[in-house]
Amino acid sequence: MDVMPQQDPESRRPPEPSPQDPHDPHDPHDPQNPYAMPAEGATAVPPPPPTLRTTLRRAAFGAVAAGVLLAGALVAVPDGDRDAPKEPGPVERAEAAATAGSPASLSDLTALIGDRQKWVESHPDDAPSWATLGSAYVEWGRRSADAAYYGRAEEALKRSLDARPGERGNGEAWVGLAALANARHDFVAAKRWGETVRKQDPKAWSVYPVLIDSYTGLGDVKAATAATEKFGELRKGVPALARTADLYRGQGWREDALATAREAADRATEPAEKAEALHRLGELAWERGEPEEAVAQFDAALRTDSGHHASLAGKARALVALERTDEALAAYQSAVTGLPRPEYVLELGELYESLELDGDARSQYEELGGLLEQAKAAGVDESVIRARYESDHGDPAVAVELLRGQWKKQHRSAAVADALGWALHRAGKSEEGLEYAQQAVDTGVRNASYAYHLGVIEQKLAQYGPARRHLEEALRTNPAFSPLDAPKAREALETLGEPSPGGPGDTQPPPPAPAPEPKRESEPEPKPERKQEPEQEPKRESPRPEAPAPAPSKTAPAPSKAAPGSPAAVEADASKSP
């Protein structure tokens, strides 16, 4: 397996677009280039012509040497390899990755950007090159967490459409705009661009990944499933397997997601593609509550591509679960330096807070605020991350306002539903938050944080049985899902205590008994035997755990069969006799 050399992020940064320099540093014949080769004859006096004897001796020696080299070449190179293709360069590798629907390495992506920048300077009407440059900018901005490149991407894609409108066959520029909208979390616009391309050319496989991302962001599981299936029909191999694994993961089908992700990892060949596949396996292991396996998969991804900082952040998360805190802090710090995504900065701040390092936590939260402002200036909507921060560390009312805006924009994924439900609870509106938190869990995704949030809200609303069930589910799914919230989940369970020995029907504390109504003189005295039967009946049927009794109703129970030998039973038998 090829291992990508470790490089500083600045060394992979794409070149800034600039006017053509008259002194090309890559031109070996430029006299002002410090690395230029000297002109012929400029540094030496021509030697005198050789004698005839010297010429004949050299010719004979050259013939013998040529024969030896030719014979060795014939032995070493089979007939079929005489015209072997040239090893592809970084630009060709990046183009091949894009053609296959796979990620290119950052170094190859940098080379592609530089190549297209130089080309469009002298060919400003080349629509495909502008589209390629714009899409490459989007990919670079997404994978480097540098939102400044999104503005360049938008400009390049518009130049492409100016040179050739999308209606005249420039669908790739529209696909680029859809990818840009997804990167900015504008899923409605991404859906619009993607569906326009699909309507024009349903067999254009490149549009389906952006459609999958937009449907997922909007919470449209049915449309995302259909787009994933169509992508698998049109584009076989690792890209389709990766998308299918993500679909299964989002629906909570763990075994299917794991099997498909493993197949994708086994079949991946290029380092960037292999690292992505191994990272996915690490994420699945983490969600299953297997931090040792997660660390192993993230390490494998980093050995394949040392610049895969997302795997470094995933490894840090798993190291926290293993209580290897010093290593986790070092991994997080390296991750946010190489890939300053807001979610990683928030996680690091919460880790500091869990360790009672309040000063370091405040520094991270301040850095988070700066990143969110930069993202907003670049047109990126990071409302969900900001709302997560405000709900737990700031003003929950601000979080509610942000997330209501997301919901109105049709951004109704499980992540948004969970965040909105939790924000409403933290703002003192638990009854309203319950609906959204339940919706997030009902999607089927196995996320311990979602179950924890729902359980806490149910506990607040005195729904103790469901609360205990969801808190236990959170800790069973991933016992260390958060350095701050996992201990709170255990504390909440201890507060609820153990369920009553009567089984599932008694897991919720009974409601207080209503006050007895005053007796009326005209009413007959009720029979004490019937009054005691509903309380005695569950005790006789309790030794049947395979068929749990339903939770007790708050309304009056229907009369059940009378106990044998009771006055009511004798009276019933007498009425049946002829």
Side-chain angles (χ1 to χ4, degrees), residues 141-142 144-151 180-190 213-214 216-219 310 313 317 332 335-337 339-354 358 360-430 432-433 436-437 439-440 447 449-450 452-453 456-457 481-485:
R142 185 184 67 84
S144 66
D146 190 348
Y149 278 87
Y150 295 151
L180 175 60
N182 278 327
R184 286 173 163 170
H185 301 156
D186 186 356
F187 303 115
V188 174
D213 290 339
S214 64
T216 301
L218 295 171
R317 200 178 301 124
Y332 260 131
V336 299
T337 299
L339 189 63
R341 287 179 177 169
E343 56 266 34
Y344 300 159
V345 177
L346 177 58
E347 289 176 15
L348 178 55
E350 291 182 339
L351 176 57
Y352 280 132
E353 186 173 342
S354 71
D358 297 337
D360 293 319
R362 283 194 299 270
S363 297
Q364 288 302 310
Y365 296 150
E366 291 173 1
E367 182 178 348
L368 172 65
L371 290 175
L372 294 177
E373 289 300 321
Q374 293 175 15
K376 184 178 180 180
V380 182
D381 186 354
E382 292 285 10
S383 296
V384 176
I385 296 295
R386 184 183 173 193
R388 283 175 50 191
Y389 165 77
E390 295 289 349
S391 294
D392 289 324
H393 313 286
D395 186 351
V398 173
V400 170
E401 182 179 358
L402 289 169
L403 293 167
R404 286 195 191 279
Q406 292 291 300
W407 202 259
K408 289 180 181 178
K409 291 196 297 185
Q410 305 300 314
H411 293 185
R412 300 182 178 181
S413 65
V416 174
D418 167 73
L420 179 53
W422 184 245
L424 286 165
H425 163 71
R426 296 283 293 174
K429 302 177 181 179
S430 300
E432 186 181 358
Y436 295 100
Q439 182 172 332
N447 189 303
S449 291
Y450 296 176
Y452 164 72
H453 289 158
V456 171
I457 295 172
F481 64 92
S482 165
L484 282 178
D485 292 339

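All heavy atoms count here, side chains included; hydrogens, waters and symmetry mates do not.
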Heavy-atom side-chain proximity of [X] to [Y] below 4.5 angstrom:
X    : Y    : answer
I385 : L368 : yes
R386 : L402 : yes
R317 : E347 : yes
V345 : R341 : no

With F481 via ring pair (Phe, Tyr, Trp, His ring centres under 6.0 Å) - residues at least two apart: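 F481 satisfies ring pair (Phe, Tyr, Trp, His ring centres under 6.0 Å) with Y452 only.
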
Ring pair (Phe, Tyr, Trp, His ring centres under 6.0 Å) involving H393 - partner list, sequence neighbours excluded: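 Scan of H393 (ring pair (Phe, Tyr, Trp, His ring centres under 6.0 Å), adjacent residues dropped) gives Y365, Y389.
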
Go through the steps for W422 and Y436 under the test ring-ring contact (aromatic ring centres under 6.0 Å, His included), then give the verdict. CA-CA 8 Å; W422 184 245; Y436 295 100; over 10 Å; no

Could you tell me which non-hydrogen atom of [X] sits nearest to which non-hydrogen atom of [Y], and how far apart they are?
X    : Y    : value
V380 : A147 : CG2-CB, 3.9 Å
L339 : Y344 : O-CD1, 3.6 Å
I457 : A437 : CD1-CB, 3.8 Å
A423 : P396 : O-CB, 4.1 Å
P342 : L372 : CB-CD2, 4.1 Å
E390 : A399 : CB-CB, 3.9 Å

Enter the distance from [X]:[atom1] to [Y]:[atom2] here, rounded to the nearest 0.5 Å.
X    : Y    : atom1 : atom2 : value
Q364 : E350 : CD    : CD    : 11.0 Å
R184 : D381 : CZ    : CG    : 11.5 Å
S383 : E401 : OG    : CD    : 10.0 Å
L403 : K408 : CG    : NZ    : 12.5 Å
D213 : L218 : CG    : CG    : 11.0 Å
Y352 : D360 : OH    : CG    : 5.0 Å

Quick one: does any side-chain atom of Y150 pair with a main-chain N or O of R142 as donor and acceptor, under 3.5 Å?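 Checking the backbone N and O of R142 against the side chain of Y150, a donor-acceptor pair under 3.5 Å is found.
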
Donor-acceptor contact present, side-chain S391 to main-chain R388, <3.5 Å: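 Answer holds: no.
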
Before giving the answer on side-chain contact (heavy atoms from CB on, under 4.5 Å), spell out for R426 and D392 the whole-Å C-alpha distance, their side-chain angles and the decisive distance to 0.1 Å. CA-CA 8 Å; R426 296 283 293 174; D392 289 324; 3.9 Å; yes

Which residue pairs satisfy the side chain to side chain donor-acceptor pair (under 3.5 Å) criterion with at least one member in residues 412-421, sequence neighbours excluded?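 The answer is D418-H453.
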
Does this structure show an ion pair linking D186 with K409, if we count only N-O contacts that are shorter than 4.0 Å?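 Salt bridge flag = no for K409 with D186.
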
Carboxylate-amine/guanidinium proximity below 4.0 Å for E432 and R404: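 Salt bridge flag = yes for R404 with E432.
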
Check the pair H185 / E382 against side-chain contact (heavy atoms from CB on, under 4.5 Å), numbers first and verdict last. CA-CA 8 Å; H185 301 156; E382 292 285 10; 3.5 Å; yes

Within the supplied structure, the quantity of interest is the number of heavy atoms (other residues, nucleotides, ligands) at a distance under 6.0 Å from E343 CD; does it exceed 12?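 Count over threshold, so yes.
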
